[in-house]
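To start, the structure itself, in structure tokens.
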Amino acid sequence: MKARKTKNDRATKEMRKTSLAEMKDRYIGKEGTPERDPYEYELKMEVLGKMIKSARKERNMTHQTINIRK
């Protein structure tokens with residue numbers, strides 16, 4: 001008869017580490033593929049938007065002050 005694995009046996013087994021890049025490749029698609037490109041674009045736009053918002057806050061600028069300066 002085989003011995004059943006206990007919870008402790010499974011806990012001591014080392015888990016495989018996976019990088020973020022590997023996870024993206026596996027679940028979204030490899031870089032340059034039609035599935036991955038829209039994801040990368042949206043991510044870059046989100047980061048850019050946050051950078052702009054942060055820069056405006058540091059300079060105490062609002063959308064209104066930006067429009068006045070034009």
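Because only heavy atoms are used, hydrogens play no part in the values below, and waters and symmetry mates are left out as well, while side chains stay in.
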Identify all side-chain donor-acceptor contacts of residues 37-44 below 3.5 Å with residues at least two apart in sequence or on another chain.
unit_1, atom_1, unit_2, atom_2, d
E40, OE2, R36, NE, 2.7
E40, OE2, R36, NH2, 3.1

Check: residues 47-54 side-chain donor-acceptor pairs under 3.5 Å, at least two apart:
none

Under the side-chain contact (heavy atoms from CB on, under 4.5 Å) test, residues paired with E35 that sit two or more places apart: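 Testing E35 for side-chain contact (heavy atoms from CB on, under 4.5 Å), a comparison that skips the adjacent residues, returns T33.
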Members besides M23 in its Ile/Leu/Val/Met/Phe/Trp/Tyr cluster (side-chain heavy atoms under 4.5 Å):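 Listed partners: Y27.
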